[in-house]
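Right, I'll just put the structure down here and ask away after.
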Number of protein chains: 2
Amino acid sequence: MSRRKPANDGPCPVARSVDVIGDRWSLLIVRDAFDGTNRFGDFQRSLGVARNILSDRLRQLVEAGVLETRPASDGTAYKEYVLTERGKSLFPVVVALRQWGERHLFAPGERHSRLVDKKTGEPIPFMAPKAGSDDELLPGEAEVRKLT
Amino acid sequence: MSRRKPANDGPCPVARSVDVIGDRWSLLIVRDAFDGTNRFGDFQRSLGVARNILSDRLRQLVEAGVLETRPASDGTAYKEYVLTERGKSLFPVVVALRQWGERHLFAPGERHSRLVDKKTGEPIPFMAPKAGSDDELLPGEAEVRKLT
DNA sequence: TCAATCGGTTTCAATTTAAAACTAGACTGA
DNA sequence: TCAGTCTAGTTTTAAATTGAAACCGATTGA
């Protein structure tokens, strides 16, 4: 039974996000969901996670409104887990993680999977925050304005 | 003594990234580092994390090349933890998490901290992956090309 | 209908985390 | 220089989480 800590209610959106998806499995479940995985057993085989943990994480993600369950689309009596709108809007998070990993976590020449535009087959360009204009915003050029 | 699991060496960059920063504290440490925090005690007070865990995570982040230590800039004999280039390039990840949290994890009207352009004071626009052109790339329009 | 599969839940040992106490070097003020 | 305090950890111990495996009822396939 998933022990939930005193539900992060601070003002920092990063902290709240981390509270929802900031563990090893949740993010990988979401990644797989973007790849089209939606059945319990498929997540389990893909991730190699223990069933009880998977069960717990799926429940948490459903509770958080990231996934929802619906009857299986393939006629069987089982249900499937699909991304909600909220879940789909995690796309930039997963892409950012992917791009960081691609850049920094592979030896030169080491092969890795690639995210491409389905239509054109072209790799997705590097994503970065922009200032109001079109220039890339560097870390030093932004600051967190705490609420007054 | 930080037990590291068999070091994720799969082809998925998301999995490798999650392996490095995919836990509650690491990401928040990086967030604080972007905000200018660099001393052990400051991280500790900011996060409320147990000292041994902080010690462990800082060591891991240094080992992963996300942070590095250097003598304190303020004359004292202590050292400080600062983001490396690799660490700084986590900026899009933190921004993506922040923007997702802002959108989905606050009640309407609830206040939260804000990321603004230092120069103009303007909030940072929402960040999204683009296809080769300038149109926002939606989750369904991309796919992961596994390495051949 | 009988065996295998699916989607879990339960159990229990092992790992990880958290809290607190402890250590040790650096600074402070008297 | 001596006591007290601050910083940056480490150690110790208990509590929480995780993972592996067994279990279970419903579903499916032969």
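Chain A is the first sequence line, chain B the second, and so forth, proteins listed ahead of strands; every chain is numbered from 1.
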| query | A:Leu54 CG to C:dG8 P: how many Å, rounded? | reply |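 Rounded to whole Å, this separation is 8 Å.
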Practice problem: Using atom CZ of A:Arg45 as one end and atom C1' of C:dG8 as the other, report the distance to the nearest whole Å. | Solution: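 These atoms are roughly 14 Å apart.
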Between the side-chain atoms of B:Tyr78 and the base atoms of C:dG25, is any donor-acceptor pair under 3.5 Å?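 By the distance-only test, yes, there is a pair.
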**OP:** Give a yes/no answer on whether the side chain of A:Ser55 brings an N or O atom under 4.0 Å of OP1 or OP2 in C:dT9.
**Re:**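 The answer is yes; a side-chain N or O of A:Ser55 sits under 4.0 Å from OP1 or OP2.
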For the pair made of CD1 in A:Ile53 and C1' in D:dT18, what is the distance, rounded to whole Å?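 These atoms are roughly 5 Å apart.
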Notebook entry, point to check: Starting at the 5' end of DNA chain D, which residue's closest nucleotide do you reach first, B:Asp42 or A:Gly75?
Noted result: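 By nearest-heavy-atom nucleotide position, the 5'-most residue is B:Asp42.
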- Task: Check every atom of C:dG8, D:dA8, C:dA18 against the side chain of B:Asn52 and return the nucleotide holding the closest atom.
- Result: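 Between C:dG8, D:dA8, C:dA18, the one nearest the side chain of B:Asn52 would be C:dA18.
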(Q) If I take atom CG in residue A:Asp74 and atom P in nucleotide D:dT28, what distance separates them, rounded to the nearest angstrom? (A)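 So the two atoms are 9 Å apart, to the nearest Å.
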OP1 or OP2 of C:dC6 less than 4.0 angstrom from a side-chain nitrogen or oxygen of A:Lys79, does that happen here?
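For C:dC6, neither OP1 nor OP2 has a side-chain N or O of A:Lys79 closer than 4.0 Å.
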Practice item. Provide, to the nearest angstrom, the distance between the CZ atom belonging to A:Arg57 and the P atom belonging to C:dG8. Key: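 Rounding to the nearest Å, CZ of A:Arg57 and P of C:dG8 are 15 Å apart.
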(Q) I'd like to know if the side chain of A:Thr76 pairs up with that of A:Asp74 as donor and acceptor (distance under 3.5 Å, no hydrogens or angles considered). (A)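 Distance-only check passes for A:Thr76 and A:Asp74.
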Discussion item. Salt bridge check, B:Arg16 against B:Asp19: does any charged N sit closer than 4.0 Å to a carboxylate O?
Written reply: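 Here B:Asp19 does not pair with B:Arg16 in a salt bridge, since their nearest N and O are not under 4.0 Å apart.
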- What's the CZ-C1' distance between B:Arg24 and C:dT16, to the nearest Å?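 Roughly 12 Å, once rounded to whole Å.
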Do A:Ile124 and A:Gln99 come close enough that some side-chain heavy atom pair is under 4.5 Å?
->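 Result yes, sub-4.5 Å side-chain heavy-atom pair found.
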- Side chain of A:Phe40: nearest nucleotide among C:dC27, C:dG7, D:dG19?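 The listed nucleotide nearest to A:Phe40's side chain is C:dG7.
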Identify whether any heavy atom of A:Phe43 sits under 4.0 Å from a base atom; if not, whether one sits that close to sugar-phosphate; answer base, sugar-phosphate or nothing.
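Answer is nothing: A:Phe43 stays at 4.0 Å or more from every strand.
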Subject >> For atom CH2 of A:Trp25 and atom P of D:dG19, their distance in whole Å >> reply: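 It works out to 6 Å between those atoms.
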Practice problem: Mind calculating the distance between CG (B:Leu67) and P (D:dA8) to the nearest angstrom? | Solution: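 Going from B:Leu67 (CG) to D:dA8 (P), I get 14 Å.
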Checklist entry - In terms of ring plane angle, is the pair B:Phe43 and B:Tyr81 parallel, tilted or perpendicular, where the classes change at 30° and 60°? => result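 Plane angle over 60°, so perpendicular.
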Any side-chain N or O of A:Arg51 under 4.0 Å from OP1/OP2 of D:dG19?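 No, outside the criterion.
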- request: Would you tell me if any nitrogen or oxygen in the side chain of A:Arg59 comes within less than 4.0 Å of OP1 or OP2 on C:dT9?
  value: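 It does, given that an N or O in the side chain of A:Arg59 lies less than 4.0 Å from OP1 or OP2 of C:dT9.
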*Determine whether B:Phe40 and B:Arg51 make a side-chain contact, defined as any pair of heavy atoms from C-beta on separated by less than 4.5 Å.*
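The answer is yes; the side chains approach within 4.5 Å.
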